[in-house]
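Data block below; observations after.
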Amino acid sequence: MSPFLSPRFLLPWFRAFGAGCDVRIARWAPDGGPDDEGLLFLCRCGEAGWTFLGGEKVADYLDALVDPVHAGAFWREFLERGLPALGGGSLVLPGLVEGTPALSLLPPICRERGLGCTVEEMDRAPFVSLPASFEEYLERLGGKERHELRRKMRRAGELLPGLAFRVTRTPEELANDLPSFVDLHRRSHPGKEAFMDEAMAAFFREVAEGFLVSGRLRLAFLSTQGVDVASVFQFRTGGALLLYNSGYDPAHRAANPGLVLIARSIRQAVEEGCTEYDFLRGTERYKYDLGGTDRVVYRVTVSN
């Protein structure tokens, strides 16, 4: 399951950002049976209409929780019965990744119901398919990218004495490591400093605590002589490692600590047997330098 559809993500989001929001959960079972086969988490904040709980500001991928074989029946019944029960209005569904059944199902169902439906590209989400070894991953990069990455990794070792990589493993470590992540995130860019206000930091803290307990948090650091210079906040889910957010110390920009740490995290993903490293939404240059290939992320809007 996507981390962005987990209670460990959605409940912290509601506590941090959901004040004043109306929340609804659409539940569906084939033929009215006792077991839920489809769930849709929705919220309405102000007059903006209904949208996915979790919001596109902090959730990269969103969707209904439904088996693809039931997706057609689920979405048809939701638009026939669920949306009117919510009082109608617009329905904005961001974060739908190419290939999800909703993208092909919603337009024709909306036409049948006399509803408007627009599908628009909202972002790209690069990812890397991982081989069985890190060396093989390097060989798959283009010649220029492979040379540059190896050069930057060597230079980081030269400029950062005692270079070390670590991953947060225990609640005690998290109590020390999360403030370091927040500090590096804020220092890395003015936009990130504005993003990581106190409410956002509290949200990250609760998400980190929940995913650490479940074994799915990968909060990793690069340090020199015991001082952290870069950090990545990642989720492990299924066969993939997902890069959710990051930060670094600009005083060490010449050593490219952020890029080197992500490369080291890709190595960790390979060692854990992952088949994919997902950079999530955003088209930053480094994602393609590290071999990223685009996935398209869409927003669907349903209106009367």
side-chain hydrogen bond (donor to acceptor under 3.5 Å, both in side chains): which pairs involve residues 209-219, sequence neighbours left out? Arg216-Thr237, Arg218-Glu272
Check side-chain hydrogen bond (donor to acceptor under 3.5 Å, both in side chains) between [X] and all other residues, then give those that pass, not counting sequence neighbours.
X: Tyr248; result: Arg253
X: Arg187; result: Asp183, Asp249
X: Arg76; result: Glu112

Do the side chains of Val167 and Val182 join up, straight or via other hydrophobic residues, at under 4.5 Å, putting them in one cluster? no
For [X], enumerate each residue passing the salt bridge (charged side-chain N to carboxylate O under 4.0 Å, His left out) test, keeping only those at least two apart in sequence or located in another chain.
X: Arg151; answer: Glu148
X: Glu158; answer: none
X: Asp278; answer: Arg295
X: Arg166; answer: Asp177, Asp228

Indicate every side-chain donor-acceptor pair of residues 62-70 with a distance under 3.5 Å to a residue at least two apart or in another chain.
residue, atom, partner, partner atom, Å
Asp63, OD2, Thr100, OG1, 2.3
Asp67, OD1, Val69, N, 2.9

Main-chain N/O of Met200 paired to Asp197 side chain as donor or acceptor, under 3.5 Å: yes
Donor-acceptor pair, distance only, cut-off 3.5 Å: does the side chain of Lys287 make one with the backbone of Thr293? no
Only counting residues at least two apart or in another chain, list the ones meeting disulfide bond (SG atoms under 2.5 Å apart) with Cys117. none
Disulfide (SG to SG under 2.5 Å) contacts touching residues 41-72 (sequence neighbours left out): Cys21-Cys45
According to ring pair (Phe, Tyr, Trp, His ring centres under 6.0 Å), who are the partners of Tyr286, at least two apart in sequence or on a separate chain? none
